[in-house]
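Every number for a ligand or one of its atoms is a count from 1 in the order of the listing. The basis for the numbers below is simple: all heavy atoms, side chains too, and nothing from hydrogens, waters or symmetry mates.
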Amino acid sequence: MTDPGPQLIGTVVPALDTERLRLRPLTTDDLDPVHGYLSRPDVCRFLLHEPRSREQVAESLARAVARTALAADGDGVRLAVIRRDDDQFLGEVVLMVESAAGAGAEIGWVFHPDHAGRGYATEAARTLLDFAFEALNAHRVIARLHPDNEASIRLCRRLGLRQEAHHVGNCWIPDRGVWEDTGVFAILRREWAGG
Ligand SMILES: CC(C)(COP(=O)(O)OP(=O)(O)OC[C@H]1O[C@@H](n2cnc3c(N)ncnc32)[C@H](O)[C@@H]1OP(=O)(O)O)[C@@H](O)C(=O)NCCC(=O)NCCS
C-alpha cells in the first residue's frame with residue numbers, strides 16, 4: 001500500500017466551486033462579515049471560545065491568511081463560503097490535519113444565522129469532504145463538536161458521518177474556565193460516495 005501522507009501535507013487548498021457556493025481562502029478584507037458572526041453569543045455557544053472582539057477576529061484572520069497549505073498535525077485552512085449569485089458572505093469552513101501519519105483530516109463549519117436552514121453548510125462541507133478524499137487522499141475525516149450542538153450533529157449525519165465517541169470532560173475551554181465534553185463523528189474514504 002502506498003503512503004498516503006504526502007498529499008495531505010503540503011497541498012495548497014484552492015478555491016472550490018459548488019452549485020450555489022464558492023469556497024475560497026479567507027482574506028483580511030473579510031473582517032466585517034467574520035466579526036459579524038464570531039461576535040455573536042448564539043454562534044459561539046458551542047465553539048471553543050467566547051464571542052470575539054474586532055481586534056481578536058483581525059488577529060485570527062491575519063494568522064489564517066498566512067496559511068493556505070496544510071503542513072503539520074493541527075494545521076487548518078479556513079475557507080470563506082460565498083453565495084455565487086450575489087457574492088453574499090455566508091460563513092466559513094475549515095479543513096485541518098488531524099493526523100498526517102494516519103491520513104486523517106478534520107472539518108468544521110461556522111455560518112451566520114441569517115443564512116441557516118438552506119443547506120449551505122451541508123453543500124460546503126460536502127465539497128470539503130470530496131476535496132479531502134479525492135485531492136488529499138485522506139483515509140478518514142472527522143468532525144468534533146459539543147454533544148449538545150444538535151444542528152451540527154444533524155449536519156454530520158446528513159453527510160454520512162457516524163458518531164464514534166463521546167469524550168467526557170476532555171476539552172478545556174479557557175474563555176469559560178470549564179471542561180466540556182466532545183462528540184467525535186467520522187467517515188472513511190471507502191464509505192464516502194459524495195454524501
Ligand atoms: C452548525 C451549523 C453550520 C448548521 O447550520 P444549518 O443551517 O443547520 O445547516 P445547513 O446550512 O446545511 O442547513 C441544513 C438545514 O436546512 C434544511 N435545508 C433546506 N434546504 C436544504 C438543502 N438544499 N440541502 C440540505 N438541507 C437543506 C435542512 O433540512 C436542515 O434543516 P434541519 O437541520 O432543521 O433538518 C450552524 O448551526 C452554525 O453555524 N452554528 C454555529 C457555529 C457552530 O456551532 N459550528 C459548529 C461547531 S462544531
Side-chain angles (χ1 to χ4, degrees), residues 16-24 26 30 32-52 56-57 60-61 64 74 76-86 88-98 104-132 140-176 178-187 192-195:
L16 301 165
D17 282 355
T18 74
E19 191 185 334
R20 296 179 293 175
L21 310 173
R22 162 157 281 217
L23 281 52
R24 55 132 178 96
L26 284 168
D30 297 321
D32 284 342
V34 176
H35 179 246
Y37 52 80
L38 288 186
S39 58
R40 293 176 60 122
D42 55 349
V43 169
C44 295
R45 181 166 166 228
F46 296 122
L47 299 184
L48 302 179
H49 56 78
E50 289 291 275
R52 284 187 160 154
Q56 288 173 314
V57 174
S60 79
L61 266 185
V77 173
R78 288 168 65 186
L79 300 171
V81 181
I82 311 293
R83 191 163 55 206
R84 286 168 60 192
D85 63 4
D86 62 358
Q88 174 67 49
F89 194 108
L90 305 172
E92 64 181 273
V93 288
V94 63
L95 179 64
M96 289 176 276
V97 183
E98 190 252 333
E106 178 171 352
I107 54 174
W109 36 69
V110 183
F111 280 70
H112 193 291
D114 284 356
H115 308 298
R118 273 166 275 184
Y120 293 139
T122 305
E123 191 169 317
R126 188 173 282 141
T127 298
L128 219 47
L129 279 164
D130 267 336
F131 183 77
R140 178 173 177 263
V141 178
I142 69 162
R144 281 187 256 229
L145 45 78
H146 190 290
D148 293 340
N149 192 344
E150 289 174 8
S152 232
I153 290 171
R154 286 197 299 276
L155 174 45
C156 283
R157 296 201 193 286
R158 264 196 303 281
L159 293 166
L161 279 70
R162 93 190 124 258
Q163 182 157 11
E164 294 193 341
H166 178 144
H167 298 299
V168 178
N170 70 319
C171 184
W172 175 247
I173 311 289
D175 283 8
R176 298 194 266 276
V178 293
W179 290 99
E180 293 187 346
D181 293 4
T182 307
V184 181
F185 286 71
I187 186 167
W192 176 246

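- Residues R144 and H167 are not in side-chain contact: their nearest non-hydrogen atoms beyond the backbone lie 4.5 Å or more apart.
- At a 4.0 Å heavy-atom cut-off, the residues surrounding ligand 1 are R20, V43, L47, W109, V110, F111, A116, G117, R118, G119, Y120, A121, T122, R144, L145, N149, A151, S152, R154, R158, listed by chain and number.
- No side-chain heavy atom of L145 sits under 4.5 Å from any side-chain heavy atom of F46.
- You'll find the side chain of L79 stays beyond 4.5 Å of the side chain of L95, heavy atoms only.
- With respect to R24 and D30, a salt bridge is recorded, a charged nitrogen being found less than 4.0 Å from a carboxylate O.
- Between H112 and Y37, the angle of the ring planes goes over 60°, which puts this pair in the perpendicular group of the 30/60° scheme.
- At least one donor-acceptor pair under 3.5 Å links the side chain of D181 to the backbone N or O of G169.
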